[in-house]
Amino acid sequence: MTEFTCIRAGILPSNTTTYTLAQIQNALLSQTGAIPFVGCSGRTGTILDEMWYFNHVLGSEQYGRFKPINSTTPSTCAEQGIRYLERTP
């Protein structure tokens with residue numbers, strides 16, 4: 001889900017383009033209705049490598065309604081210069 005959510009929001013994999021944390025969070029908020037945890041690796045925290053989505057479930061997990069909620073965990077990404085790298089074959 002995350003890769004397609006990013007692409008629909010205009011955050012595209014690239015080895016040269018960089019994004020700010022605010023751009024990524026706002027794009028994902030527009031697609032999912034909440035701000036997920038955005039995790040980065042690398043010495044400077046500029047390589048996007050994980051996202052965690054959080055929901056409240058109203059009813060059972062199988063048949064309930066999922067209500068997106070914002071992450072309460074701070075991002076591990078730098079504020080700017082974040083790269084969403086292309087996959088290598």
Side-chain angles (χ1 to χ4, degrees):
M1 176 177 134
T2 300
E3 184 174 357
F4 296 112
T5 302
C6 286
I7 291 170
R8 280 195 312 265
I11 305 296
L12 304 174
S14 170
N15 292 335
T16 57
T17 303
T18 62
Y19 299 96
T20 65
L21 179 60
Q23 284 176 307
I24 294 168
Q25 289 177 327
N26 289 333
L28 296 171
L29 172 64
S30 73
Q31 292 296 308
T32 64
I35 298 173
F37 167 80
V38 180
C40 291
S41 61
R43 288 181 297 147
T44 57
T46 56
I47 300 171
L48 180 63
D49 65 0
E50 63 182 331
M51 293 179 206
W52 303 346
Y53 293 90
F54 300 91
N55 293 281
H56 284 297
V57 181
L58 307 171
S60 68
E61 186 176 357
Q62 293 87 357
Y63 304 107
R65 288 186 307 139
F66 286 78
K67 178 183 176 189
I69 59 171
N70 291 335
S71 173
T72 58
T73 305
S75 174
T76 58
C77 296
E79 291 294 320
Q80 57 190 5
I82 300 169
R83 293 181 293 152
Y84 178 25
L85 298 176
E86 297 174 8
R87 292 183 181 184
T88 55

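Computation of the quantities below employed the complete heavy-atom set of this structure, encompassing side-chain atoms and omitting hydrogens, waters and symmetry-equivalent molecules.
I24 CD1 to I82 CD1: the interatomic distance, rounded to the nearest 0.5 Å, is 4.0 Å.
Side-chain atoms of L21 and S75, non-hydrogen and from C-beta on, do get closer than 4.5 Å to each other. Residues L12 and T17 fail the side-chain proximity criterion, which asks for heavy atoms closer than 4.5 Å.
Closest non-hydrogen pair, P36 versus S71, comes out as C-CB, 3.7 Å. In plain terms, the two heavy atoms of I11 and A27 that are nearest each other are CG1-CB, 3.8 Å.
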Please list, one pair per line, the donor and acceptor atoms closer than 3.5 Å that link side chains of residues 57-65 to other protein atoms, with sequence neighbours excluded.
| residue | atom | partner | partner atom | Å |
| --- | --- | --- | --- | --- |
| S60 | OG | Y63 | N | 3.2 |

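Taking I35 as the reference, Q25, L29, N70 meet the side-chain contact (heavy atoms from CB on, under 4.5 Å) condition, with sequence neighbours excluded. Remark: T16 pairs with S14 by the side-chain hydrogen bond (donor to acceptor under 3.5 Å, both in side chains) rule, at least two apart or across chains. Residues satisfying the ring-ring contact (aromatic ring centres under 6.0 Å, His included) criterion with Y19, sequence neighbours excluded, are absent altogether. Residues satisfying the side-chain contact (heavy atoms from CB on, under 4.5 Å) test with T20, not counting sequence neighbours, are A22, Q23, Q80. For T46, the side-chain hydrogen bond (donor to acceptor under 3.5 Å, both in side chains) partners are T44, not counting sequence neighbours. With sequence neighbours excluded, no residue satisfies side-chain hydrogen bond (donor to acceptor under 3.5 Å, both in side chains) with N55. Considering only residues two or more places apart in sequence or on other chains, Q31 meets the side-chain hydrogen bond (donor to acceptor under 3.5 Å, both in side chains) condition with R8.
Applying the disulfide bond (SG atoms under 2.5 Å apart) test to residues at least two apart or on different chains, the pairs with a partner in residues 10-89 are C40-C77.
Hydrophobic side-chain contacts under 4.5 Å tie L85 into a cluster, directly or through other members, with I47. Residue F54 shares its hydrophobic cluster (ILVMFWY side chains chained together at separations under 4.5 Å) with F37, W52, I69.
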